[in-house]
Amino acid sequence: MESFSELGAILLMQGFNGLSVFSVLLLMALGLAIIFGQMGVINMAHGEFLAIGAYTTYVFSSATQAWLPQAMPYYYLVSMLAAFGVTFALGWLVEWAMVRHLYRRPLDTLLATWGLSLILQQALRSIFGPREVSPVLPDWLMGSYQPLPFVDIPINGLFVMVVTLLLTAGVMLALFRSGWGLRVRATVQNRAMSGAVGIDTRRVDRTTFALGCGIAGIAGAAFTTISATGPTSGSLYIVDTFLTVVFGGAASLFGTIASAFVIAQTQSVSEFFMTGSMAKVLTLSTVVLILMLRPQGLFSLKLRK
């Protein structure tokens, strides 16, 4: 009987680990869903914005520890805002300098942003070195919560989940309950008509791209609570992130949330029964099979003809 309770506890913890992966994956996919789903831009450098957000948190941790140690309990929340600001500003610059010249040229956009990802990786490697780094987390993010015997839930995982829920709710409200969201949705459905009625579609594009990059920066700050950060950390998530967006439906935020949950939970639970590589193969095979049956993804955007 005790072995069954231990097995249940292990499966429960694996499920929670899946929720932690789901949180980071959803934060990454939210930004990409805005950029790829709403704008049609294939941003292969999206993972590097996660890495920049993570390194921003590391810089804040090191600076606070060296110059203002009494502020260590509070620096992390400030660093998340800074991660968003840095990646938002960089995304704004990238859209203005490069992406705006490549709209409606998906292959050129893919190649250009892939080149940008290599440049950013090398820049991070030159500035911070090739080794992985980790910020010093505040005490309130350490430890675990034990709701049941044999079940330990890390507090940092709970924190990441709360941040994900709040940010997801904020993005949904911004897209469906604000003037900016109305302009974005109008531009997605009919760019020419939106421009004709006075919407500055170029500004909408720039703000949308920058916001997607900023959300990836917050994902990077959250990523530091569960893993170390290296120059190529972001690239490890980019395939799963694109898979999440396409599987959910390219223009559907609801689909992005559902697909992130399905992919993360499938991979986490299957890792208990098989190796990590085989769990990844199983997850990818399942998603590919579903996409063969439903190419538009779990949810699709219905456009008026």
Side-chain angles (χ1 to χ4, degrees), residues 22-43 46 49-50 52-53 56 77-96 99-100 103 160-222 241 244-246 248-261 297-304:
F22 158 74
S23 299
V24 175
L25 189 59
L26 178 57
L27 286 176
M28 279 285 287
L30 276 178
L32 195 62
I34 292 174
I35 294 173
F36 177 58
Q38 306 294 326
M39 301 173 61
V41 173
I42 304 174
N43 182 17
H46 193 71
F49 286 92
L50 176 144
I52 291 170
T56 301
L77 297 176
V78 178
S79 72
M80 294 191 78
L81 297 176
F84 174 81
V86 170
T87 50
F88 182 94
L90 182 59
W92 185 283
L93 178 63
V94 168
E95 198 283 337
W96 173 81
V99 174
R100 68 188 177 104
Y103 286 128
V160 172
M161 288 174 58
V162 171
V163 170
T164 302
L165 289 174
L166 293 176
L167 192 60
T168 302
V171 171
M172 300 291 279
L173 286 173
L175 274 176
F176 297 104
R177 291 291 186 272
S178 72
W180 170 79
L182 181 62
R183 290 191 292 274
V184 170
R185 287 182 286 120
T187 302
V188 169
Q189 295 200 27
N190 195 321
R191 179 176 294 271
M193 185 62 71
S194 298
V197 299
I199 295 177
D200 187 348
T201 56
R202 286 186 176 274
R203 185 175 183 84
V204 168
D205 289 338
R206 193 161 303 156
T207 305
T208 303
F209 188 90
L211 179 62
C213 294
I215 294 174
I218 295 179
T241 306
T244 298
V245 174
V246 173
S252 172
L253 289 182
F254 294 103
T256 299
I257 296 170
S259 64
F261 181 82
L298 295 177
F299 297 84
S300 58
L301 184 67
K302 294 182 180 178
L303 297 177
R304 182 172 295 175

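All residue numbers in this chain count up from 1 along the given sequence. In this text, all values refer to a predicted model and were calculated from it rather than measured experimentally.
The two atoms that bring Gly181 and Ser178 nearest to each other are N-OG, 3.1 Å, heavy atoms only. Smallest separation of non-hydrogen atoms from Ala83 and Ala221: CB-CB, 4.2 Å. Here the closest non-hydrogen pair linking Asn43 and Cys213 is ND2-SG, 4.4 Å. Shown here for Ser23 and Val160, the closest heavy-atom pair between the two residues is CB-CG1, 3.5 Å. Here the closest heavy-atom approach between residue Ser194 and residue Thr201 is recorded as CB-CG2, 4.2 Å.
Here OG1 of Thr56 is found 11.5 Å from CD1 of Ile218. Values are rounded to the nearest 0.5 Å. Rounded to the nearest 0.5 angstrom, Arg183 CZ and Leu175 CG are separated by 12.0 Å. With rounding to the nearest 0.5 Å, the separation of CG in Leu32 from CG in Leu26 is 12.0 Å.
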Checking side-chain contact (heavy atoms from CB on, under 4.5 Å) for the pair Tyr103/Glu95: CA distance, chi angles, key distance, verdict? CA-CA 10 Å; Tyr103 286 128; Glu95 198 283 337; 2.5 Å; yes
Is there a side-chain contact (heavy atoms from CB on, under 4.5 Å) between Leu167 and Phe84? Walk through the geometry before answering. CA-CA 12 Å; Leu167 192 60; Phe84 174 81; over 6 Å; no
Apply side-chain contact (heavy atoms from CB on, under 4.5 Å) to residues Phe176 and Leu182 and explain how you reach the verdict. CA-CA 7 Å; Phe176 297 104; Leu182 181 62; over 6 Å; no
Show, in sequence, the C-alpha distance, side-chain angles and deciding distance for Phe49 and Ile215, and conclude whether the side-chain contact (heavy atoms from CB on, under 4.5 Å) test is met. CA-CA 9 Å; Phe49 286 92; Ile215 294 174; over 6 Å; no
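For His46 (side chain) and Gly31 (main-chain N/O), no donor-acceptor pair under 3.5 Å exists by modelled atom type. Counting only distance, with no hydrogens or angles, the side chain of Arg100 and the backbone of Trp96 share a donor-acceptor pair below 3.5 Å. Between the side chain of Thr244 and the backbone N or O of Ala260 there is no donor-acceptor pair closer than 3.5 Å.
Among Thr164, Thr168, Ile35, the single residue meeting the side chain to side chain contact (heavy atoms under 4.5 Å, CB included) criterion with Leu30 is Thr168.
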